[in-house]
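The chains referred to below are lettered A, B, ... by the order of the sequence lines, with proteins before strands, and numbering in each begins at 1.
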Amino acid sequence: MSGIEKRFPGVHALKNVSFNLRAGEVHALMGENGAGKSTLMKILSGVYLRDSGVVRLDGKEVTFAEPKKAQDAGVGIIHQELSLMNDLTAAQNIFIGREPRFGFGRLDEKALNRQASEIFASMNLDLDPRVCVGELSIARQQMVEIAKALSYRSRVLIMDEPTAALNDTEIDELFVIIRRLQKENVGIIYISHKMDELKRISDRVTIMRDGENVDTVDAKATPVSDIIAMMVGRALIDSDVEIPDTSEGTPALEVRGLTRGREIVDVGFTVQKGEILGFAGLMGAGRTEVARAIFGADPRDAGEVLVHGKSVDIQSPADAVASGIGYLSEDRKHFGLAIGMDIRANVAMASLENYTSKMGKLDEAAIGLVTREYIDKLDIRTPSDQQEVRLLSGGNQQKVVIAKWLLRDCEILIFDEPTRGIDIGAKAEIYKLLNRLAAQGRAIIVISSELPEILRVSHRIAVMSEGRLTGILPGGANTTQEAIMHLATKRETVSESLGATA
Amino acid sequence: MTSTDISNQPSLLRRLISGDAQQKLLAFASLVLLLIGFSIASPNFMQVSNIIAILQASSVNGVLAIAATLVIITGGIDLSVGTMMTFCAVIAGVVLTYAGLPLPFGILAAILAGAFCGLCSGTLVAKLKIPPFIATLGMMLILKGLSLVISGTRPIYFNETAGFDLISRGSIIGYFFPSLPIPNGVLILFLVAISVSYILSRTVLGRYCFALGSNEESVRLSGVNTDRWKMAIYALSGAIVGIGGLLIASRLNSAQPALGLGYELEAIAAVVIGGTSLSGGRGTILGTLIGALIMAVLINGLRILSVAQEWQTVVTGVIIILAVYADMMRRRKSG
Amino acid sequence: MTSTDISNQPSLLRRLISGDAQQKLLAFASLVLLLIGFSIASPNFMQVSNIIAILQASSVNGVLAIAATLVIITGGIDLSVGTMMTFCAVIAGVVLTYAGLPLPFGILAAILAGAFCGLCSGTLVAKLKIPPFIATLGMMLILKGLSLVISGTRPIYFNETAGFDLISRGSIIGYFFPSLPIPNGVLILFLVAISVSYILSRTVLGRYCFALGSNEESVRLSGVNTDRWKMAIYALSGAIVGIGGLLIASRLNSAQPALGLGYELEAIAAVVIGGTSLSGGRGTILGTLIGALIMAVLINGLRILSVAQEWQTVVTGVIIILAVYADMMRRRKSG
Amino acid sequence: DDKKMYIPLISKGFQHQFWQAVKSGADQAAEEFGVDITFEGPDNETMVDRQIDMLSAGLAKKPAAIGFAALDSQAAIPLLKQAKKAGIPIVAFDSGVESDIPVSTATTNNVAAAALAADKMSELIGGKGKVAIVAHDQTSRTGIDRRDGFMNRMKEKHPGIEVVSVQYGAGDQLQSTEISKSILTAYPDLKGMFGTNEGSAIGVVNGARESARKGLIIIGYDSGAAQKKAIMDGLMAGAITQNPVGIGYETVKAAVMSARGEKVELLIDTGFYYYDAKTINDPKIAAVLYD
Ligand SMILES: Nc1ncnc2c1ncn2[C@@H]1O[C@H](COP(=O)(O)OP(=O)(O)OP(=O)(O)O)[C@@H](O)[C@H]1O
Ligand SMILES: Nc1ncnc2c1ncn2[C@@H]1O[C@H](COP(=O)(O)OP(=O)(O)OP(=O)(O)O)[C@@H](O)[C@H]1O
Ligand SMILES: [Mg+2]
Ligand SMILES: [Mg+2]
């Protein structure tokens with residue numbers, strides 16, 4: 001690809017971008033949120049038409065007018081935003097458009113499920129191909145998406161943040177698959193904001209910034225700090241966690257005996273004022289479920305929630321917010337944003353009563369003002385505060401959700417995968433922000449599937465496995481990833497005493 | 001299933017109990033409840049002849065509802081089924097009575113006319129991207145007008161075509177089992193239901209029907225020619241409406257050109273009572289069939305009880321809401 | 001605004017031109033096109049009295065369409081506007097004619113009755129999670145039946161209430177500007193349109209209306225009591241329907257209990273022609289108003305041209321499709 | 001025989017005042033003869049199959065006799081045959097059934113009634129000019145009979161009068177109002193209008209009033225409070241009235257008699273009248289008008 005140009009209304013997304021991929025290489029594409037990575041890949045895979053520039057495949061110039069053409073030419077893509085059919089099963093999703101048939105349009109459902117099972121087996125993924133995709137957790141949906149892309153046997157495979165929703169184990173599996181594809185001479189374009197993956201998997205790295213490419217370098221030979229500097233345009237200094245002394249503190253949130261079916265089994269813990277409690281665990285461990293149950297988003301069978309020592313009856317998210325609890329969902333598209341509305345509306349969504357006159361009139365000017373403030377503070381890349389959220393890049397959408405909860409200013413904040421799809425520079429900003437919020441005396445829960453992140457931000461670390469709380473570890477340098485993984489794979493109940501001291 | 005291990009077993013079991021099987025069983029239960037209620041309330045209700053009358057009353061609405069189900073599963077809506085049915089009946093009348101061609105031509109003409117109308121709606125929706133509501137509202141008006149134009153605003157009678165009235169009124173089953181004089185119209189309803197059920201669950205067309213309703217963009221990105229399939233689905237739906245047109249024409253032994261308005265809402269109601277979601281992606285023909293039967297039983301039962309007509313309307317409204325509410329409750333409980 | 005750089009400036013300009021302003025301008029253009037076409041075709045069309053007749057013809061449908069717009073923006077649909085309008089008219093009749101109370105009570109009663117019916121629909125939708133299609137279909141039947149029951153299946157005349165017919169037929173504007181005898185009904189339509197427009201764009205209720213239609217779950221998870229807001233929106237919509245009921249009752253100087261069925265589709269058609277999306281989250285009152293006017297002009301123009309009624313229906317269908325198609329094309333072009 | 005005789009009446013409509021008047025006549029007879037009746041009809045006169053469903057539910061109740069106002073007489077024949085086989089006598093009302101099954105038919109001669117309206121119209125506008133019809137239905141028997149009765153009489157007897165427009169308002173007052181206004185706009189020199197049922201007639205009056213058209217000769221059909229008031233106020237020249245109460249009464253009476261095995265007349269002409277402000281209080285006419 002060379003000299004690629006793409007403009008959207010209000011955005012010059014790609015400026016004279018060039019990019020090349022060799023057969024059998026893993027080529028990482030890095031850049032801040034909104035740098036234009038996804039857009040470039042959508043042009044390559046036929047979703048968007050380029051305004052100008054040349055795309056060559058095997059030396060021949062090509063233009064993919066539609067995704068089908070790109071697929072036929074051997075270019076496959078895993079999109080950043082999940083694009084599955086929720087009402088169909090995993091197998092049906094994978095083979096949509098290529099179903100095995102008997103003739104007369106009759107489907108061979110057995111073959112379909114068998115082939116899907118084979119793909120899952122090859123990915124070491126334990127998944128029933130007959131399950132409706134809508135019932136799967138977001139991580140599993142991501143795995144289905146990957147399986148779908150693999151099933152095309154493409155020569156060029158684009159992975160746009162495939163690991164954003166994945167846990168370490170699944171990431172390991174994915175890397176095994178990538179290595180195998182590499183041996184089969186498939187060229188892989190790999191987009192991720194996780195720097196450690198860069199070193200582990202990629203051969204070369206292309207760095208983009210503000211719709212231009214900065215450079216293409218060798219992944220192994222270039223220090224990470226250099227790559228970050230190229231992405232961000234400056235050097236980042238990251239600090240270690242400083243664990244505040246909360247031993248004297250007052251508990252802001254206490255959860256006792258939280259239970260719901262098999263998903264949550266007798267979970268109890270306490271978060272102090274000014275403390276960040278990290279939640280670690282494998283995919284499906286039930287962390288999200290716990291957060292949703294506390295927040296009143298799902299019903300619970302048993303359990304008590306105390307805020308500042310007083311028992312509160314939370315039946316709905318409205319109750320939770322009224323009690324000073326905020327929850328940032330892990331699935332921004334479905335639960336976090338009204339993507340058809342503008343940034344202003346989304347940022348103000350949880351705090352509208354603060355911007356409403358007695359007669360119900362909205363103070364648009366004030367909303368605009370704070371929105372622009374957060375656009376600045378979080379560095380949201382957008383032409384204006386009235387841009388529709390669906391037109392923002394994935395990472396910038398995430399920042400909008402964060403802004404929503406920051407504006408709401410809750411005493412207790414639950415962040416579920418707050419940095420999903422967020423670039424390294426912004427991540428550092430968010431960590432700082434979390435620390436600042438804690439220092440202001442807020443109680444914070446951070447659910448994250450990235451162990452380095454958990455270790456980086458948490459004052460204490462709660463670990464869950466199969467719906468149970470299996471242990472609570474101290475934060476900081478004393479805890480290792482191995483210690484967390486040990487608890488995350490533990491299968492029996494945590495002892496009462498552990499729960500009590502928590 | 002190599003990838004299915006122990007952790008999935010409870011979920012499999014749950015699926016079996018709480019899944020489709022139970023759903024239909026329970027929708028059926030509310031139908032049975034109605035039947036029992038009316039039987040107790042009136043001795044005249046549970047007669048073979050009345051049950052057959054109920055079945056026959058549901059045959060036209062049932063067929064229309066099945067046609068609407070297809071479109072609704074794709075995430076669309078079809079407001080034109082009622083007047084399209086009339087249009088097909090009129091076409092059959094033109095072919096049989098005005099042109100005097102033999103019966104099979106009339107049957108073919110009605111079904112083809114329906115398929116063609118469906119194709120038109122489908123083209124408007126798929127190619128011109130007109131929202132289904134508007135495309136089919138437009139078709140509803142166009143077909144209403146054309147039915148009047150073509151028929152010369154007169155009913156067309158099928159007196160010249162021997163056997164036309166047997167399409168719906170005759171009874172093949174009754175011929176073989178004289179104690180079970182189920183009219184052919186009902187037989188046709190069930191045959192249509194079984195065929196469409198098969199198409200939905202076992203063929204590519206059915207698969208794309210659900211896929212389109214679930215996430216059209218993703219189907220398109222998977223390289224499927226979504227426009228063509230959508231048009232095919234609308235055409236199939238239209239052909240089924242054509243069968244509905246034959247049924248009503250045969251039942252009335254005439255094509256009534258002014259009839260049909262208002263039938264669309266009844267058909268859609270049957271679909272929704274049957275548990276099909278108006279947002280697309282989900283739905284079953286069995287559910288629709290039960291939905292149509294619930295409505296027919298309800299109206300017939302209230303009549304048999306001699307409930308005053310204005311109260312019949314009120315009670316029908318209440319029971320439609322209750323039936324769907326019961327369905328919601330159950331589904332929320334079972335997952 | 002650090003993040004807004006030089007490259008955004010053309011976009012701001014373009015937003016101004018290609019944004020909402022242009023959209024409405026263009027929907028308006030297709031209305032103007034119709035007006036010009038009919039003026040050329042018939043010298044009788046472009047008379048002040050006929051334009052006023054068109055405005056008056058659109059007043060009831062316009063008010064109902066505005067009510068439906070609110071519900072549609074939340075992602076719902078309202079099939080009950082027609083019979084609810086009738087119900088409110090009957091309630092006004094009971095209060096004014098049967099109970100003999102003075103005029104303001106009747107007005108209040110109709111609006112409250114509408115708000116209450118809307119609240120019922122809203123409760124069914126928000127609390128019992130019944131799909132809006134079914135909840136309002138049920139309400140449509142219930143209210144149809146109740147109108148007949150309450151009125152004793154008789155029209156209720158307002159002969160005893162002096163001034164009742166002036167609500168719609170009088171002309172305050174004409175009193176001050178005798179050359180502009182615009183009936184109050186039209187004035188009320190515009191007042192309702194302006195108020196609801198204001199509510200939608202400037203108040204919390206409006207904001208939640210769009211937000212619910214855009215992504216209800218995300219609103220709920222933002223700690224908003226979505227159920228309560230939804231009920232409020234349905235109640236407001238019902239109150240507007242109540243105004244519609246007063247308009248029609250005043251125009252007919254009677255509450256006709258049998259009227260109303262079929263008005264819902266016309267109202268929804270006006271909404272969709274006006275560019276509001278049936279999937280929720282988008283819509284404008286100005287668009288709805290233009291949609292209602294397009295329909296009124298169309299039907300009036302065809303009648304003035306003495307087009308045969310069956311062809312009127314066909315042409316109406318075609319033009320509805322074309323109007324929406326033009327709108328689609330334009331929007332796709334402008335991004 | 002302690003059980004009351006049961007007779008369902010399947011009508012063409014239910015909510016309109018005309019049908020409510022028929023119902024009141026039927027109720028009156030039911031009380032007089034000590035029988036139970038039900039009265040049902042579809043929402044509008046196009047719903048032929050709905051009426052068939054009503055008829056078959058009526059049959060399931062094993063009635064003594066049935067009163068039936070057919071929307072389409074052919075469509076109902078199989079069920080009527082079934083009734084005949086079961087020995088249930090059928091009495092047709094409002095319009096006839098083209099078959100020898102009904103033991104009696106209680107009806108108005110709509111063609112003749114509309115022709116009378118045409119004669120009166122001609123008389124009132126002086127034998128020449130343009131007139132228009134706002135009809136209630138394009139395909140139903142009564143709609144066709146009244147339209148054609150009026151038009152044919154004009155053609156045959158009043159060649160100076162031109163029927164320039166026929167439009168259909170489904171008997172809906174508001175729709176008929178809009179139609180009338182459009183017709184008045186399209187034909188500024190229109191002399192008269194004929195509304196073929198209550199809703200259509202009121203619509204014409206409303207339309208003329210809203211268009212502020214003076215001097216238009218309006219002839220209506222049926223009665224009802226609004227129509228009577230329009231005639232009294234001089235907005236409407238006059239109207240044709242049928243005898244709906246009589247239709248209902250005679251239907252039930254004939255049904256009872258034939259169920260008892262008594263002989264009934266094959267055709268009961270319930271009659272029609274033209275009435276205007278002068279004759280409206282004539283006892284013979286006042287008796288058949290309804291509010
Ligand atoms: N359809 C669209 N219309 C308008 N602007 C768009 C559209 N798609 C993308 N953009 C804009 O183009 C720019 C590049 O977006 P892109 O999605 O390529 O970023 P990205 O590098 O993938 O970021 P992230 O890491 O956050 O996913 C962003 O500013 C985004 O807002
Ligand atoms: N093997 C499985 N099969 C089907 N569903 C599963 C499976 N594992 C987990 N789930 C679903 O996921 C839910 C728990 O996932 P949840 O998202 O709460 O966990 P989490 O710890 O937040 O993990 P994640 O990293 O995915 O966010 C379970 O309740 C279940 O519904
Ligand atoms: Mg991206
Ligand atoms: Mg989670």
- prompt: Do C:R220 and C:E217 meet the salt-bridge criterion of a basic N to acidic O distance under 4.0 Å?
  reply: yes
query: Looking at A:R287 and A:E330, does any basic side-chain N land under 4.0 Å from a carboxylate oxygen?
result: no
field: Between A:G360, A:G340, A:A350, the one whose heavy-atom pairs under 4.5 Å with chain C are most numerous
entry: A:G360
query: Between A:R381 and A:D210, is there a side-chain N and carboxylate O pair less than 4.0 Å apart?
result: yes
message: Ring-plane angle category for A:F295 and A:Y327, please: parallel below 30°, perpendicular beyond 60°, tilted otherwise.
response: tilted
- line: Applying a strict 4.5 Å limit to non-hydrogen atoms, the region of A:R332 in contact with chain C is neither
query: Is C:R207 close enough and on-axis enough to A:Y355, meaning under 6.0 Å and within 45°, for cation-pi?
result: no
field: Winner by heavy-atom pair count (cut-off under 4.5 Å) against chain C, out of A:K333, A:E373, A:E353, A:K404
entry: A:K404
message: Between A:K361 and chain C, with a heavy-atom cut-off of 4.5 Å, which part of the residue counts as in contact: side chain, backbone, both or neither?
response: both
- line: residues 221-229 of chain C vs chain A, non-hydrogen distance cutoff under 4.5 Å, contacting residues -> C:L221, C:S222, C:G223, C:V224, C:N225
Audit row: A:I314, A:I325, side-chain contact (heavy atoms from CB on, under 4.5 Å) steps and yes/no: CA-CA 10 Å; A:I314 294 173; A:I325 304 176; 3.7 Å; yes
task: Heavy-atom distances under 4.5 Å only: say whether A:A320 touches chain C with side chain, backbone, both or neither.
output: neither
query: Side chains of A:V347 and A:V400: does their closest heavy-atom pair fall under 4.5 Å?
result: yes
- request: Would you list the pairs meeting side chain to side chain donor-acceptor pair (under 3.5 Å) in which at least one residue belongs to residues 232-244 of chain C, sequence neighbours left out?
  value: none
